[in-house]
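Working notes, structure below.
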Amino acid sequence: MKYYLLYLFIFLSTIVLAQTTSTETMMHGGVSRSYIVHTPPGFDGNTPLPLVFVLHGLGDTADNMTNTGFNILANTDNFVVIYPQGTSSTLGTAWNNGVPISILDPTFNPDDMGFIESLIDLYTGTYGIDASRVYACGFSMGGIMSHRLGCELSHKITAVASMAGPMANSIQSSCSPSRAVPVMHIHGDADGTVNYNGDALFSLSSAPSTASTWASLNGCDDTPTTTSLPDTANDGFTITQDTYGNCTDEVEVILRTVHGAGHTWLGINNDIATTVEFWEFFKLYSNPDATTSNEEIVTEINFSIQPNPASDMIYISGIHEKMDIQIFNAVGQQMIQEKGSEEINISSLAKGYYFITVTDQNNGASTT
């Protein structure tokens with residue numbers, strides 16, 4: 001007979017997040033969603049760190065986005081990176097970012113906004129992330145998704161940045177953030193995949209219109225200040241920067257037009273490196289409105305588990321139907337997720353030590 005010893009350890013974050021890079025899963029809306037999380041060396045969850053979401057493009061993967069260099073920056077500047085994985089569509093892995101993919105694929109309607117928000121709640125509530133410093137960026141379709149996150153999750157997303165992914169027209173027309181959102185958009189004017197001047201087929205705005213929309217939403221000057229960045233690399237590109245100033249809460253909206261560049265993520269051999277520019281922009285800003293909500297998130301849930309050690313079944317008291325229960329193994333891999341269940345069958349688990357996290361979806365409270 002197999003036996004399991006389940007401990008209520010409040011230091012799960014130390015055990016899980018001591019790993020440098022790991023692939024995790026989360027049940028959201030009845031669907032198993034995956035993501036890659038990278039934590040800097042020595043992270044123990046006790047010191048609140050910033051969190052950066054990095055979203056991949058159409059047909060791409062979270063794993064491929066780990067090659068952008070954010071992990072290296074995270075190790076030196078001490079922040080956490082999450083690379084979420086989009087879901088499959090007839091066009092490839094994609095994000096529900098306002099682009100009308102559903103016209104071509106009627107079955108495509110994932111709750112990506114809820115997925116990202118759940119990750120924010122999980123990592124700010126359980127793993128010690130600083131709720132006032134949560135950022136989102138992406139490439140191409142992931143950049144389009146970042147703009148939507150800025151519009152609809154501005155109470156939890158501090159700032160957004162996009163490389164070659166402008167606003168979807170549907171999001172642009174309905175965007176109503178609850179606060180001024182700092183935005184950086186970089187786009188090549190020779191982009192043949194996502195046109196700098198907009199794309200009628202995929203109902204995409206232009207790069208300049210995206211920037212001016214954010215400037216208007218943020219109460220910035222109507223006319224930007226235009227400057228040329230130093231042409232330091234022999235890459236055939238030059239860069240013009242349009243900066244919208246005098247915005248609400250001293251935020252900025254920045255558009256960088258890379259003259260001659262196509263659909264690419266700029267690196268160390270270019271005049272600017274996209275990854276570095278995004279992080280340097282992000283770390284200028286915090287969201288004080290998110291601090292209070294984070295204090296609410298970490299409210300303790302009092303629950304108990306019987307029997308302990310257990311065999312085959314465990315019984316949880318002190319929970320209700322809108323609580324998520326997650327069971328992790330000793331290295332932080334999620335093994336079981338249930339919703340509002342007082343009885344959980346654990347017979348599929350190997351003998352060993354496990355950790356349970358209970359999260360209240362009503363208020364974001366989470367206890368391990």
Side-chain angles (χ1 to χ4, degrees), residues 26 28-29 31 33-35 52-62 64-65 68 82-120 134-178 181-187 191 193-207 209-211 213-214 217 253 255 263 265 274 278:
M26 164 189 283
H28 179 77
V31 178
R33 300 296 301 265
S34 67
Y35 60 97
V52 177
F53 286 97
V54 183
L55 285 73
H56 64 76
L58 178 64
D60 207 350
T61 64
N64 193 43
M65 292 304 287
T68 54
I82 290 181
Y83 306 88
Q85 178 62 49
T87 55
S88 297
S89 74
T90 56
L91 300 179
T93 50
W95 298 105
N96 191 356
N97 55 13
V99 173
I101 291 178
S102 58
I103 295 176
L104 302 174
D105 185 353
T107 65
F108 184 80
N109 190 32
D111 182 20
D112 287 330
M113 296 298 295
F115 171 45
I116 300 298
E117 185 171 21
S118 293
L119 285 173
I120 295 172
V134 177
Y135 313 98
C137 66
F139 176 62
S140 191
M141 179 167 270
I144 301 168
M145 183 66 185
S146 296
H147 285 299
R148 183 177 183 183
L149 290 168
C151 288
E152 299 179 18
L153 286 183
S154 59
H155 57 300
K156 294 183 178 180
I157 298 285
T158 302
V160 299
S162 172
M163 181 76 217
M167 292 178 103
N169 289 336
S170 62
I171 301 303
Q172 185 177 41
S173 63
S174 62
C175 187
S176 182
S178 61
V181 180
V183 176
M184 174 177 282
H185 185 94
I186 306 175
H187 211 131
D191 192 331
T193 302
V194 178
N195 198 300
Y196 177 87
N197 295 310
D199 189 319
L201 176 63
F202 286 102
S203 190
L204 288 173
S205 178
S206 69
S209 178
T210 294
T213 295
W214 276 115
L217 290 167
V253 175
L255 169 64
H263 198 62
W265 186 278
T274 301
F278 283 177

Checklist entry - Can you tell me if N169 uses its side chain to pair, donor with acceptor, with the backbone of S205 under 3.5 Å? => result yes

Item to check | Check: M141 main-chain N/O paired with N97 side-chain donor or acceptor under 3.5 Å | outcome: yes

Checklist entry - How about R33 and D112: do any of their side-chain heavy atoms sit closer than 4.5 Å? => result yes

Next on the checklist: Over 60° means perpendicular and under 30° means parallel, so tell me whether W95 and H56 are parallel, tilted or perpendicular.
Outcome noted: tilted

Checklist entry - Relative to each other, are the rings of W265 and F139 parallel, tilted or perpendicular (30° and 60° limits)? => result perpendicular

Item to check | Under 3.5 Å: donor-acceptor pair, side chain of D199, backbone of L204 | outcome: no

Item to check | Chi angles and distances behind the side chain to side chain contact (heavy atoms under 4.5 Å, CB included) call for V134, K156 | outcome: CA-CA 7 Å; V134 177; K156 294 183 178 180; over 6 Å; no

Item to check | Shortest non-hydrogen separation from S146 to C137 and the atoms involved | outcome: OG-C, 3.0 Å

Checklist outcome for this item: Rounded to the nearest 0.5 angstrom, the SG-CD distance for C175 and E152 is 8.0 Å

Item to check | From CE (M65) to CG (D60), nearest 0.5 Å | outcome: 7.0 Å

Item to check | For G92 against L58, the heavy-atom pair lying closest together | outcome: O-CD1, 4.2 Å

Checklist entry - In Å, rounded to the nearest 0.5 Å, how long is the span from CD of Q172 to OG of S209? => result 4.0 Å

Next on the checklist: Is it the case that the side chain of T210 and the backbone of M167 share a donor-acceptor pair, with hydrogens and angles ignored and the cut-off at 3.5 Å?
Outcome noted: yes

Next on the checklist: Could you measure the distance from the CD1 atom of I101 to the OG atom of S89? Nearest 0.5 Å is fine.
Outcome noted: 5.0 Å

Item to check | Candidate pair T87 and F108, rule side chain to side chain contact (heavy atoms under 4.5 Å, CB included), full reasoning | outcome: CA-CA 9 Å; T87 55; F108 184 80; 3.4 Å; yes

Checklist entry - Do N96 side-chain atoms and P110 backbone N/O form a donor-acceptor pair below 3.5 Å? => result yes

Item to check | H147: which of T213, V183, I171 passes side-chain contact (heavy atoms from CB on, under 4.5 Å) | outcome: V183

Checklist entry - Are the side chains of H155 and E117 in touch, meaning some heavy atoms are under 4.5 Å apart? => result yes

Checklist outcome for this item: Rounded to the nearest 0.5 angstrom, the NE2-CE distance for H263 and M163 is 8.5 Å

Item to check | side chain to side chain contact (heavy atoms under 4.5 Å, CB included) between F278 and I186, worked out | outcome: CA-CA 10 Å; F278 283 177; I186 306 175; 3.7 Å; yes

Item to check | H185 vs P166 side-chain heavy atoms within contact, under 4.5 Å | outcome: yes

Checklist entry - Counting N and O atoms only, with roles assigned by atom type, does the side chain of S170 sit under 3.5 Å from a partner on the main chain of G98, one being a donor and the other an acceptor? => result yes

Item to check | Trace of the side chain to side chain contact (heavy atoms under 4.5 Å, CB included) decision for F53 with I120 | outcome: CA-CA 9 Å; F53 286 97; I120 295 172; 3.5 Å; yes

Item to check | V194 versus S140, closest heavy-atom pair with distance | outcome: CG2-OG, 3.7 Å

Checklist entry - Quick check: does any side chain N or O of S203 sit under 3.5 Å from a backbone N or O of A200, one acting as donor and the other as acceptor? => result no

Item to check | Nearest heavy-atom neighbours spanning Q85 and A62 | outcome: OE1-N, 2.7 Å

Item to check | Minimum-distance pair of heavy atoms, taken over all atoms of S162 and G143 | outcome: OG-CA, 3.2 Å

Item to check | Approximate separation, where rounding is to 0.5 Å, of W214 CH2 and L255 CG | outcome: 14.5 Å

Next on the checklist: For a quick test of reading the model, state the closest non-hydrogen atom pair linking V253 to A211 and the distance between them.
Outcome noted: CG1-O, 3.5 Å

